[in-house]
Amino acid sequence: MMSLRRYTSFLLLLLKKEKEKESRQSLGWLVMESRRLLNGVAGGVDEDLRGNEDGHQLLTPWASSVASGYTLLRDPHHNKGLAFPEKERDAHYLRGLLPPAVMSQELQEKKIMNMLRQYKVPLHIYMAMMDLQERNERLFYKLLIDNVEELLPIVYTPTVGEACQKYGSIFRRPQGLYISLKEKGKILEVLKNWPERNIQVIVVTDGERILGLGDLGCQGMGIPVGKLSLYTALGGLRPSACLPITIDVGTNNKDLLKDEFYIGLRQNRATGQEYAELLEEFMFAVKQNYGEKVLIQFEDFANHNAFELLAKYSNTHLVFNDDIQGTASVVLAGLIAALKLVGGKLSDQKFLFLGAGEAGTGIAELIALEMSKQTKTSIEETRKKIWLVDSKGLIIASRKETLQHFKKPWAHEHEPMRTLLDAVKAIKPTVLIGSSGVGKTFTKQVVEAMASFNKKPIILALSNPTSQSECTAEEAYTWSEGRAIFASGSPFNPVEYNGKTYVPGQANNAYIFPGLGLGLIISGAIRVKDDMLLAASEALAAQVATENFEKGLIYPPFSNIRKISAHIAANVAAKAYELGLASRLPRPKDLVEYAESCMYNPVYRTYR
Ligand SMILES: O=C([O-])CC(=O)C(=O)O
Ligand SMILES: [Mg+2]
């Protein structure tokens, strides 16, 4: 087969020979089409834009090979709209295809932000953002990075939840790969249909537990798409290195099955062997196609599959489950930071969870691990400080026989407690964490009880989206008379109470996964280990500044997230090297600087 260099020279030679504009335009098309062919050979024609193989962006501010004319305006990776300067309009056959004005990227950004701010309905802003991503990728990321606090609630929780619920109706163009039961036996071929070759991160869901909204089947695709846009905006992974995937094995959501606009398989979920075989084929096709350093993030699988998949593939693949491990890492970081406000050590605290699924047991386990490291006692011992409540009440030893395996480590000796309120009163926790996906469960009595025996009760309402939050920020502050240290999974606005402003933090895994992923990629890690999650937590907690603590915050603002991600990435990479799991050698000396230098920058490139 022809090498990439020779093939490009061949195309350039053709270009020189072809004088006529028409044929040059069709050559532009040829370049685009040939990407598919070249994908089988190397990374595609515009390596300048994509960076080299280990994800390190080449520092050239220009790209030499792009399509021209109309095709260029229709290519979201390279289109700049009105920002094409005169020279490029000539060189790339754009004359007449654009109105005469030339705008800077900053002015384009201002124009679109002005437009977005006119919309009253968040879902409309979401749709406008998705259109922008499809039209002009660099402008999309510039907006998202520069206006992260304003746009995060749109492309991510809570609006992304509503988008998934209505995904069939708002669906325009596919933004990721759909692998359904129909593709069984052909998954490797399906992966090869994706136009990008150098994939570094895959976020995959089967749509069975989308946020706290339940089974949304194939429409869960909004989640991998949203998470991966944060990988780029918050963690600096190149957009072309990110691949959203939805595995469609059917849905048990009756409303969706009846919905004429539903985009997925119209059948009940496949389970058991049929499910396991599809997932097995998928996992090994990914490894075969992209190698063993591609990161696979499991997202929003139901409990019964999430734990099993993680256990099954964590020794053969570079995988982590964001809902189990990412959420755990962000909560642990918040707790480490909260100790500066409440005083004492982590092991002085007593924890009570409402929800014993992926998030609840994942967080509980990471806290127990950290306490066991700090106090040099066994994890069996530190687990005893942690209590969980599920839909049947407090998890206790007498229930052990009937418990799912991931709940068993939390079954301690205690008399039965049916309700959360009874459990709060009996256990007297210092930290209350909601992770059940069920909203409005931290009632006035529950919060008041927490405030009755804690000077500063730590209350984390983690369930998403906002409609599923265990309580609102206002409720937490009012019912605790302004004493709660509160954070939630989805964002809440600041609250005025008794003349004081309280700013709630957002305990969301979006703080962790972009930096964690970046750290794994830049070190060439081949496995994810708990110590890397602890390293990520410590890095995040260290980024909370005195001025944040003064406002009662236990997380830093998202406006600094790229710097925070670089620190998380550096700590994770350092751990990967320490554990001997990093394949990128030699180890860069300054890992923070290296992480920053690898981060995608959405500023337009010049086309030669
Ligand atoms: O997506 C989010 O906002 C956090 C998360 O993983 C979930 O709730 O499942
Ligand atoms: Mg999730």
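These numbers come from the heavy atoms of this one structure, side chains and all, not from hydrogens, waters or symmetry mates. Whatever order the structure lists ligands and atoms in, that order sets their numbers, starting from 1.
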Starting from atom 3 (O) of ligand 1, what is the nearest protein heavy atom, named by residue and atom, and what distance separates them? Asn508 ND2, 2.8 Å
Any idea which N/O/S atom from Asp323 gets closest to the Mg ion (ligand 2)? OD1
How far is atom 1 (O) of ligand 1 from the closest protein heavy atom, and which atom is that? Lys227 NZ, 3.0 Å
Taking only heavy atoms of Asp300 into account, list the atoms of ligand 1 that are under 4.0 Å away from them. 9 (O)
May I ask you to check whether Phe320 and Phe298 place their ring centres under 6.0 Å from each other? no
Do Asn321 and Glu299 have side chains that approach each other closer than 4.5 Å (heavy atoms only, starting at C-beta)? no
Does Thr157, backbone or side chain, put an N or O under 3.5 Å from an N or O of ligand 1? no
Centroid-to-centroid, Tyr167 to Tyr262, below 6.0 Å? no
Glu299 atom (N/O/S) at minimal separation from the Mg ion (ligand 2): OE2
Answer yes or no: is there a side-chain heavy-atom contact under 4.5 Å between Arg172 and Glu134? no
Need the ligand 1 atom indices (1-based, order shown) with element for anything under 4.0 Å from a heavy-atom of Asn509. 4 (C), 5 (C), 6 (O)
Which heavy atom of Asp248 sits nearest to which heavy atom of Gly250, and what is that distance? OD1-N, 2.8 Å
Top protein contact for atom 8 (O) of ligand 1, by heavy-atom distance: Asn464 ND2, 2.8 Å
Within the structure, does Arg209 bring an N/O atom to less than 3.5 angstrom of an N/O atom in ligand 1? yes
Determine the minimum heavy-atom distance between Val331 and Leu460, stating which atoms define it. CG1-CD1, 3.8 Å
Regarding Asp131 and Arg135, does a basic nitrogen lie under 4.0 Å from an acidic carboxylate oxygen? no
Distance check below 2.8 Å: does Asp300 bring an N, O or S atom to the Mg ion (ligand 2)? yes
Which residue and atom name correspond to the protein heavy atom nearest atom 2 (C) of ligand 1, and how close is it? Tyr156 OH, 3.2 Å
Where do Leu151 and Leu143 come nearest, in terms of heavy atoms and distance? CD1-O, 3.6 Å
